[in-house]
Amino acid sequence: MPQRGERLLRSRRSKLERLIERGVDPFPARFHRTHTTAEAVALFTAAEAADPSAAPTATVAGRISRMRGMGKATFVDIDDSGGRLQLFLRQDALGEGYALLDDLDLGDFVGASGALTRTKAGEVSLAVEALSVLAKALRPPPEKFHGLRDVEQRYRQRYLDLIANRDVHDVMRTRSRIISAVRRFFDERGFLEVDTPVLVPVPAGAMAEPFVTEHRALDRRLYLRIATELYLKRLIVGGMDKVYELGRVFRNEGIDANHNPEFTMLESYEAYADYEDVMRFLETMIPAVALEATGGTTVSFDGHELDLTAPWPRIRLHEAVHEHSGIDLDDYPDAAALADRMRQANVAATYAESRGRLIDKLVGVFVEPKLIQPTFLVDYPTEMSPLAKASAADPRYTERFEAFAGGMEIANAFSELNDPDVQRQRLEEQEALRKRYQGEELDRLDEDFLLALEHGMPPTGGLGLGIDRLVMLLTGSTTIRDVLLFPQVREPGPAAGKTTDA
RNA sequence: GGCCCGGUAGCUCAACCCGGCAGAGCGUCGGACUUUUAAUCCGAGCGUUGUGGGUUCGAAUCCCACCCGGGUCACCA
């Protein structure tokens, strides 16, 4: 138990005890409300329009967010998930019931019934005839005027953030609508939503460090998936022509404004489509989702107005890098030469980095921050795209694109490589690069996946879409933590001063 | 991991430069008040100043180390 602030808790405890002594159950099992606070306000405004003296009755429930005592009259604001309603309590209306107020605190849940009216100040209020406690809060809510500012506590105790900062509700509601809209978009186009394993024997399908775990009965090491890609492609092999999965993937990497170790990704695969089809699909879907979730197809993000409507410009990666950095990738076919050239341009680059990673860095430094309006960066170099089909015209590049908006990467897609021999060769290259460039994350060879490919996979267009980043974009959040209810935070250490010591 | 910023009452923050009794608002407790809107008014209580060490007659304040958080760079989506 925390030593400090014990006095404040004691006050609430003694009120709790007093309620029990008075025969009041501080935690009753049920309470039937007839209206939410928003419904009650709507009920009154409608009635008032028809008859100015109307006083419809309602029973409402919520958490006390503010109390203004005036002696024999008290105003209590209660909040529920949709809104807020002012309760007006008078001793002569409540009689003995008015004394219940002595044992109520901010944060308690109450139920009240009475007639809806408009006060002198013009606020729709419930003139309470009966008041009851629904749940006593033994700890105080965050400060009512400044709200909860402590960023750490906002994430660790998100419920306090939700109590104090109503806009958090709005972001999460929008997140939910975005996910529903995305699902509907796929469902309406004949895609089947599937679930593939989270615990996998080979953490493949992306370039990322996995989380490791262990299955006891099988005595086997397993990993948390870093992507759903290879399982979904197995389904394409199996004849499920349009599939998608919306789920959590896990990457054992740093945490910052754009990264959380577990995040929600959508991957979809469509047989007989290519990356051009996927681009058209995505640039159609995003504005449709935005319209459904936010009511518009433009968003303001980090001081910019973004227009999400199709078509989005397509820029070849090679040209974008050339334009923004002055470096022509084709002049530097090997990693060492490219690293030298990058250092000339004041970009940190070493011989310990693969060519793919160096190019990725060039994109990150010179191109990505410039891509504010939705843009497709297309035709990625082969060595950084082991699962994408090479371009027939120029095998140094693949039929791959990434979509950017607000200076963030939000999607990654390609014409899927379906030649099993080429795929094996590409993944073997990844394994070789991994040995050569220690500490660099590269894709892994998954024999079982290659076996599936040998059974034949039709030409396929695949897409990976970062849902959290899409939510950031559509809610104007510049940190991923604000679109996750419970972002990863460090384990509170002993110095945090908030933990118990034996 | 590097660099920058921060940690003071339950909460939001002052005081720190330039060392000298640790303060305000909210919340809490007591009192007044039957139409308030961060209600108001009167009174009271509230502190291991993140932790440990050092300098000093004296440290929230200066110095060192560490812990925690945020930002940023590196890495990643």
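None of these values were measured; they are calculated from a predicted model. A note on names: the letters A, B, ... follow the listed sequences, proteins ahead of strands, and every chain is numbered from 1.
One interatomic measurement links the two molecules: OH of A:Tyr155 to C1' of B:G71, which rounds to 12 Å at whole-angstrom precision. B:G71 atom C1' lies 13 Å from atom CG of A:Asn258, rounded to whole Å. Taking atom CG of A:Asp161 as the reference point, atom C1' of B:U12 lies 15 Å away to the nearest angstrom. With rounding to whole Å, A:Gln91 atom CD is found 12 Å from B:A32 atom P. Nucleotide B:G69 holds its P atom 10 Å from the CZ atom of A:Arg481, rounded to whole Å. Here the C1' atom of nucleotide B:G10 and the CD atom of A:Gln157 are 12 Å apart, to the nearest Å. Between the C1' atom of B:C75 and the CG atom of A:Asn260 lies a distance of 16 Å, rounded to the nearest Å. As a whole-Å value, the separation of A:Met207 CE from B:C75 P is 15 Å.
Both tests pass for A:Arg400 against the ring of A:Tyr380: distance under 6.0 Å to the centre and angle within 45° of the axis. Note that A:Arg436 lies outside the cation-pi zone of A:Tyr351, set by a 6.0 Å cut-off to the ring centre and a 45° limit from the axis. A cation-pi arrangement, defined by a distance under 6.0 Å to the six-membered ring centre and an angle within 45 degrees of its axis, is present between A:Arg316 and A:Tyr397.
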Any protein N or O atoms within reach of nucleotides 37-39 of chain B? Criterion: under 3.5 Å, listing atom names and distances.
from	atom 1	to	atom 2	distance (Å)
B:U37	O4'	A:Arg68	NE	3.4
B:U37	O2	A:Glu123	OE1	2.8
B:U37	N3	A:Glu123	OE1	2.7
B:A39	OP1	A:Lys144	NZ	2.4
B:A39	OP2	A:Arg68	NH1	3.2
B:A39	N7	A:Gly69	O	3.3
B:A39	N6	A:Gly69	O	2.7

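OP1 and OP2 of B:U28 both lie 4.0 Å or more from every side-chain N or O belonging to A:Arg139. Here A:Ser11 reaches the OP1 or OP2 of B:C29: one of its side-chain N or O atoms lies under 4.0 Å away.
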Check against salt bridge (Lys or Arg N to Asp or Glu O under 4.0 Å), A:Asp77 and A:Arg84: CA-CA 7 Å; A:Asp77 293 345; A:Arg84 171 172 294 172; 5.0 Å; no
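Ring geometry for A:Phe88 against A:Phe75 counts as parallel: the plane angle stays under 30°, on a 0 to 90° scale with 60° as the upper cut.
When Watson-Crick and G-U wobble pairs are counted only if both distances are under 3.5 Å, B:G1 pairs with B:C73. Across all strands shown, B:A44 forms a Watson-Crick or G-U wobble pair with B:U28, both key distances being under 3.5 Å. B:A9: no Watson-Crick or G-U partner with both key distances under 3.5 Å is found in any strand.
Checking B:U35, B:G27, B:U34 against every side-chain atom of A:Leu106, the shortest atom distance belongs to B:G27. Considering only side-chain atoms of A:Lys15, the nucleotide from B:C29, B:U36, B:C75 that sits closest is B:C29.
Checking A:Pro141 against A:Arg118, the closest nucleotide of RNA chain B that is more toward the 5' end is the one next to A:Pro141. For A:Lys72 and A:Pro142, each mapped to the nucleotide of RNA chain B holding its nearest heavy atom, the one lying further toward the 5' end belongs to A:Pro142.
Within 4.0 Å (heavy atoms only), A:Glu353 reaches sugar-phosphate atoms of the nucleic acid but no base atom.
Comparing B:A22 with B:C26, their P atoms are spaced 23 Å from each other, to the whole Å. Distance check on atom C1': B:A59 versus B:U8 gives 14 Å, rounded to whole Å. Rounded to whole Å, the separation between the C1' atoms of B:G58 and B:C46 comes to 26 Å. For the C1' atom pair drawn from B:G27 and B:C13, the interatomic distance equals 14 Å after rounding to whole Å. Comparing the P positions of B:A60 and B:G69 gives an interatomic distance of 26 Å, to the nearest angstrom. If you take atom C1' in B:G50 and the same atom in B:A9, they sit 15 Å apart, rounded to whole Å.
Donor-acceptor pairing under 3.5 Å is recorded for the side chains of A:Thr37 and A:Asp80.
Comment: A:Arg314 engages A:Glu283 in a salt bridge, judged by a side-chain N to carboxylate O separation of less than 4.0 angstrom. Salt bridge annotation for A:Asp161-A:Arg154: present, with a cationic side-chain nitrogen under 4.0 angstrom from a carboxylate oxygen.
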